[in-house]
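Notes follow once the structure below has been shown.
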Protein chains: 2
Amino acid sequence: MNTLDKISKHLNSFSKSERKVAEVILAAPQTAIHSSIATLAKMADVSEPTVNRFCRRLDTKGFPDFKLHLAQSLANGTPYVNRHVEEQDGPDAYTAKIFESTMACLDNARQSIDTVLINRAVDILTQANQISFFGLGASSAVAHDAQNKFFRFNVPVICFDDVVMMRMSAINSTEGNVVVLFSHTGRTKHLVDVARLARENDATVIGITSADSPLAQECHLVLSMDVPEDTDVYMPMASRIAQLVLVDVMATGFTLRRGNKFRENLKRVKDSLKDSRLNKDGFNAVL
Amino acid sequence: MNTLDKISKHLNSFSKSERKVAEVILAAPQTAIHSSIATLAKMADVSEPTVNRFCRRLDTKGFPDFKLHLAQSLANGTPYVNRHVEEQDGPDAYTAKIFESTMACLDNARQSIDTVLINRAVDILTQANQISFFGLGASSAVAHDAQNKFFRFNVPVICFDDVVMMRMSAINSTEGNVVVLFSHTGRTKHLVDVARLARENDATVIGITSADSPLAQECHLVLSMDVPEDTDVYMPMASRIAQLVLVDVMATGFTLRRGNKFRENLKRVKDSLKDSRLNKDGFNAVL
DNA sequence: AAATTTTACGTAAATTTTTTACAAAACGTG
DNA sequence: CACGTTTTGTAAAAAATTTACGTAAAATTT
């Protein structure tokens with residue numbers, strides 16, 4: 001989160017001296033990041049340790065670390081802020097807010113993701129002789145989407161949003177099968193069971209879920225992203241989008257790994273759709 | 001100018017040891033800004049003054065100042081001017097590019113959308129006695145997602161990704177039924193047929209598709225967004241995400257229209273999921 | 001309202017980090 | 001090969017940051 005906003009937000013929870021520091025920084029943040037702790041202390045008319053304590057209160061390691069954070073938030077051109085929808089918002093307001101907070105979450109997600117793990121996931125997927133995508137509830141749409149993408153690669157793909165089918169499929173796993181599980185919380189019992197089953201039957205299990213969750217513990221590989229779920233609206237929103245983008249990333253990694261020849265394949269799949277399309281005039285069957 | 005770029009640009013004009021420093025920083029800039037000069041020197045296998053001289057060569061006052069500059073240029077983001085994924089991109093590069101281009105597309109979409117039409121769509125949806133979401137191919141995932149969202153509103157919801165079922169459902173439409181069709185191109189013949197059928201049977205037809213497409217012509221209301229589809233990769237990517245966000249927007253408009261009392265309902269749906277969740281310990285069934 | 005505990009703040013010392021000064025090594029050049 | 005130049009490292013100095021601790025102020029209790 002933006003450090004500068006954070007400061008003005010916490011302004012009341014600061015002590016008297018700490019607020020003096022906060023005000024000096026808010027008044028001239030550019031000056032603040034180029035000052036030493038001594039200079040800043042003098043400007044705020046407080047002692048140096050007070051400045052240091054101020055920094056610690058904002059979850060930084062110390063003064064230099066704080067300056068780093070501040071510098072980043074100053075540079076941050078991100079016009080994307082996570083804003084919450086409010087009761088009295090009109091269509092204009094809530095549309096803008098939802099788009100923007102989605103973009104903000106994607107930005108977060110991008111920064112929090114480990115590309116080394118992505119690469120490993122792509123490794124695993126390219127070597128799979130069958131890929132299964134499982135998701136329940138809101139994540140089932142993600143699983144379907146993944147199926148749609150990977151199907152184009154001419155790899156055997158399975159997708160279930162039904163626990164019983166998942167279990168059957170998991171039990172029949174063999175080595176070389178890869179099971180990808182989507183779950184934002186990673187705490188859905190049934191899905192954790194499925195992960196264990198698949199694992200016990202020699203499948204490689206990849207979890208797109210939150211780190212340290214029960215589901216994560218059952219996976220061979222966990223891809224987690226830092227996406228704060230919108231708690232005020234009781235629906236999964238941004239987490240789902242982030243997962244979809246992650247699917248795009250993996251699909252892209254997949255095609256890149258397979259090389260140029262492979263991309264011809266994709267084109268063929270796309271061309272095969274043309275017969276079912278209308279052209280601009282609206283009636284000619286073949287484009 | 002971007003410090004990171006500056007480093008890679010000046011790479012040849014550095015001396016042997018300085019280049020070692022440059023390479024270490026380029027390899028892991030995030031690590032670099034959180035390290036002391038001593039740590040960085042050890043990583044680059046050079047002496048501390050060498051690191052300091054390196055910083056000065058890049059027109060900074062010293063090491064701390066350099067870290068500040070670097071932090072800013074990292075926060076500034078978009079080191080990737082070219083948004084298209086290229087053959088030789090590594091996981092880092094293509095991950096960043098896909099996230100960034102997705103965000104850029106959402107930004108476009110937001111600016112191109114007509115909130116008046118969104119408001120009208122919400123009007124229609126709140127008055128529906130049944131909502132059907134239809135989508136084929138990549139858009140079927142969007143339809144599923146919409147079903148998942150609107151299902152929580154305790155409204156009769158239907159979702160099909162199968163042409164035959166769609167037709168049957170469309171034929172059985174009555175007044176008060178709302179049919180929402182997802183299609184990026186708006187040129188899928190079967191879907192255009194379904195739209196006409198539904199319309200002929202007194203359903204209200206909403207199309208989430210591109211303006212002026214054959215599908216758009218069959219709809220009572222068209223929500224279109226300006227999302228340039230990635231033509232070099234043969235997969236729908238950003239268009240789909242934009243549609244999903246649009247679903248979020250409509251769902252949000254829906255809840256706002258229904259008011260506070262209604263939001264209790266959402267909470268109840270969410271609470272009902274708790275029994276199937278594991279808590280932090282991993283085994284307690286009821287939260 | 002006084003006493004006691006808690007919290008906030010500053011002084012001074014310790015530590016860490018960065019910078020400077022200088023010398024040795026490497027490099028190129030006549 | 002000797003000279004000058006540039007580059008690099010060592011060690012010491014300087015600067016900056018952090019810690020430890022004591023006092024003052026505020027809050028809480030009696």
Side-chain angles (χ1 to χ4, degrees), chain A residues 3 6-74, chain B residues 3 6-74:
Chain A
T3 307
K6 210 166 169 180
I7 295 174
S8 39
K9 193 156 202 171
H10 286 210
L11 212 60
N12 334 350
S13 67
F14 288 137
S15 71
K16 200 167 46 172
S17 302
E18 280 170 351
R19 188 169 318 168
K20 282 202 258 180
V21 179
E23 274 157 11
V24 168
I25 292 170
L26 287 174
Q30 283 294 350
T31 313
I33 60 171
H34 290 111
S35 310
S36 72
I37 197 168
T39 321
L40 194 64
K42 211 181 288 175
M43 284 198 288
D45 193 32
V46 298
S47 71
E48 295 165 28
T50 300
V51 177
N52 199 281
R53 281 187 284 259
F54 168 85
C55 298
R56 293 247 167 87
R57 200 166 298 274
L58 275 92
D59 303 320
T60 62
K61 238 193 127 269
F63 184 66
D65 189 42
F66 168 77
K67 284 206 289 190
L68 240 52
H69 280 255
L70 187 58
Q72 292 205 326
S73 91
L74 286 179
Chain B
T3 307
K6 209 166 170 179
I7 295 173
S8 38
K9 194 157 201 168
H10 287 206
L11 212 61
N12 332 349
S13 67
F14 289 136
S15 70
K16 199 167 46 172
S17 299
E18 280 169 350
R19 187 170 317 169
K20 281 202 257 180
V21 178
E23 274 158 10
V24 168
I25 291 170
L26 287 174
Q30 282 293 351
T31 311
I33 59 171
H34 290 111
S35 310
S36 72
I37 197 170
T39 322
L40 196 62
K42 210 180 289 174
M43 284 199 287
D45 193 32
V46 298
S47 71
E48 294 164 29
T50 300
V51 177
N52 200 285
R53 282 187 285 260
F54 168 86
C55 297
R56 293 245 168 86
R57 199 167 299 273
L58 275 92
D59 304 319
T60 62
K61 234 192 130 273
F63 183 67
D65 189 42
F66 167 77
K67 284 205 289 189
L68 241 52
H69 280 257
L70 187 58
Q72 292 205 327
S73 88
L74 285 180

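In what follows, chains are A, B, ... by sequence order, proteins preceding strands, each numbered from 1. Because the structure is a prediction, the values reported are computed rather than measured.
- The shortest distance between the side-chain N/O atoms of B:Ser17 and the OP1/OP2 oxygens of D:dT8 is below 4.0 Å.
- Across all strands shown, D:dT30 forms a Watson-Crick or G-U wobble pair with C:dA1, both key distances being under 3.5 Å.
- Across the protein-nucleic acid pair, B:Arg19 atom CZ and D:dT7 atom P stand 12 Å apart, rounded to whole Å.
- Under the rule for a side chain to side chain contact (heavy atoms under 4.5 Å, CB included), the partners of B:Ala22 that lie at least two apart in sequence or sit in another chain are B:Ile7, B:Leu11, B:Phe14, B:Phe54.
- Neither OP1 nor OP2 of D:dT6 sits under 4.0 Å from any side-chain N or O of B:Ser15.
- Side-chain N or O atoms of A:Lys67 include one that pairs as donor or acceptor with a backbone N or O of A:Ser35 at under 3.5 Å.
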Give the B/S/- string for nucleotides 14-25 of chain C, one per nucleotide from 5' to 3', where a protein heavy atom under 4.0 Å of the base yields B, of only the sugar-phosphate yields S, and otherwise -.
----BSB-----
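- Mapping B:Lys16 and A:Arg57 onto DNA chain C via the closest heavy atom, the residue that lands nearer the 5' end is A:Arg57.
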Could you list the donor-acceptor pairs under 3.5 angstrom formed by side chains in residues 57-66 of chain A, with sequence neighbours left out?
residue: A:Arg57; atom: NE; partner: A:Glu18; partner atom: OE1; Å: 3.0
residue: A:Arg57; atom: NE; partner: A:Glu18; partner atom: OE2; Å: 2.9
residue: A:Arg57; atom: NH2; partner: A:Glu18; partner atom: OE2; Å: 3.1
residue: A:Thr60; atom: OG1; partner: A:Cys55; partner atom: O; Å: 2.7
residue: A:Thr60; atom: OG1; partner: A:Gly62; partner atom: O; Å: 3.4
residue: A:Asp65; atom: OD2; partner: A:Lys61; partner atom: N; Å: 2.8

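- For the pair A:Glu18 CD and C:dG10 P, the interatomic distance rounds to 10 Å; values are reported in whole Å.
- Residue pairs meeting the side chain to side chain donor-acceptor pair (under 3.5 Å) criterion with at least one member in residues 21-32 of chain B, sequence neighbours excluded, do not occur.
- Note: CG (B:Leu40) to P (D:dG9) measures 13 Å, nearest angstrom.
- Regarding B:Asp45, its CG atom lies at a distance of 8 Å from the P atom of D:dG9, rounded to whole Å.
- For the side chain to side chain contact (heavy atoms under 4.5 Å, CB included) test, residues two or more places apart in sequence or in another chain that qualify with A:Ser8 are A:Leu26.
- For residues 45-55 of chain A, no residue pair satisfies the salt bridge (charged side-chain N to carboxylate O under 4.0 Å, His left out) rule, not counting sequence neighbours.
- Atom pair A:Phe54:CZ and C:dC9:P shows a separation of 12 Å (rounding to whole Å applied).
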